[in-house]
Amino acid sequence: MSARFPDIAFRLAALSALAGSLCLVASVLIEPRVDAQGMLHEPFFLIPLGLFLLAIGILLGLTAWLTRARVSCQDDQITKEGNG
């Protein structure tokens with residue numbers, strides 16, 4: 001994997017988590033309404049979408065964090081081998 005992967009993944013994770021949070025906030029702020037025909041209109045789709053985006057953000061963030069830690073350990077090992 002590229003050394004740039006964790007940086008890009010962290011940005012995507014933050015963006016995904018932010019979008020998920022905004023979806024959940026919007027689902028609370030948008031009030032349901034009933035139209036003239038008695039049809040209920042509510043933003044229910046925002047709840048599963050927000051939870052999905054939050055989960056993707058968390059998983060991507062953990063993956064990036066673990067990848068960064070692994071790359072850091074490999075770099076430290078290479079540095080120790082080169083000096084020893």
Roughly how far apart are [X] [atom1] and [Y] [atom2], rounded to 0.5 Å?
X   : Y   : atom1 : atom2 : value
L22 : L49 : CG    : CG    : 11.0 Å
D7  : F10 : CG    : CZ    : 8.0 Å
L60 : L15 : CG    : CG    : 10.5 Å

Do T63 and T67 make a side-chain contact, defined as non-hydrogen atoms from C-beta onward lying under 4.5 Å apart? yes
I'd like to check the side-chain contact (heavy atoms from CB on, under 4.5 Å) partners of A17; sequence neighbours left out, ordered by chain and number. L54
Could you pull out all residues at least two apart from I56 that satisfy side-chain contact (heavy atoms from CB on, under 4.5 Å)? S16, F52
Scanning both residues in full, the closest heavy-atom pair of G57 with A13 reads O-CB, 3.3 Å
Exercise answer: donor-acceptor pairs, residues 32-47 side-chain atoms, under 3.5 Å, sequence neighbours excluded:
residue, atom, partner, partner atom, Å
D35, OD1, Q37, N, 3.2
D35, OD1, G38, N, 3.2
D35, OD1, M39, N, 2.8
D35, OD2, H41, NE2, 3.0

